[in-house]
Enquirer: 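Mind looking over this structure? Questions follow.
What you see is a predicted model, and the numbers here were worked out from it, not measured in a lab.
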Amino acid sequence: MRNVVITIAASLVPSVALACPVCFGDASAPMTIAANRGIWFMLGVVAVMLSAFAAFFLYLRNRGRLAADSAARTERPETGFQSHRQGQEGTA
């Protein structure tokens with residue numbers, strides 16, 4: 001209930017609800033320029049980390065495909081004849 005009262009009071013007194021001096025101030029002020037650069041830097045860090053995760057999962061997918069191909073090649077020889085165990089998988 002206290003939060004509701006504070007929100008209503010802040011919306012009735014607009015000077016309390018104004019933006020901070022950096023956001024509300026001059027767009028060419030050094031503090032505003034620094035804040036904008038900080039925001040872009042943090043967005044860049046997030047983009048780099050997301051790209052790194054995507055690259056890692058693509059790497060894992062490719063390694064999985066290579067492992068599956070390697071396992072398939074070792075199970076069936078490519079010599080031109082069929083293995084005597086073909087069709088007998090899972091039986092004693």
Side-chain angles (χ1 to χ4, degrees):
M1 182 68 178
R2 190 173 95 175
N3 290 339
V4 173
V5 172
I6 292 172
T7 304
I8 291 172
S11 61
L12 292 176
V13 183
S15 63
V16 175
L18 289 177
C20 67
V22 173
C23 301
F24 192 67
D26 184 22
S28 61
M31 185 69 95
T32 307
I33 294 170
N36 286 337
R37 287 183 182 166
I39 290 167
W40 283 111
F41 177 76
M42 288 186 287
L43 285 172
V45 168
V46 169
V48 166
M49 291 306 297
L50 289 175
S51 299
F53 277 121
F56 177 67
F57 286 119
L58 290 174
Y59 168 78
L60 289 178
R61 183 189 70 178
N62 290 339
R63 292 286 295 185
R65 286 181 179 173
L66 286 174
D69 289 344
S70 175
R73 273 191 237 120
T74 57
E75 287 179 1
R76 61 184 161 105
E78 297 181 12
T79 58
F81 64 91
Q82 294 187 3
S83 174
H84 67 283
R85 295 182 53 195
Q86 186 175 8
Q88 298 286 331
E89 294 182 29
T91 59

Enquirer: Under a 3.5 Å distance rule, please check whether Ser51 uses its side chain to pair with a backbone N or O of Ala47 as donor and acceptor.
Expert: yes
Enquirer: To the nearest 0.5 Å, what is the distance between CD1 on Ile8 and CG on Asn3?
Expert: 11.0 Å
Enquirer: Are Phe57 and Tyr59 connected in a single hydrophobic cluster, I mean Ile/Leu/Val/Met/Phe/Trp/Tyr linked by side-chain heavy atoms less than 4.5 Å apart?
Expert: yes
Enquirer: Roughly how far apart are Arg61 CZ and Leu66 CG, rounded to 0.5 Å?
Expert: 11.0 Å
Enquirer: Scan Leu50, Leu43, Val48 and name whichever one has a side-chain contact (heavy atoms from CB on, under 4.5 Å) with Val46.
Expert: Leu50
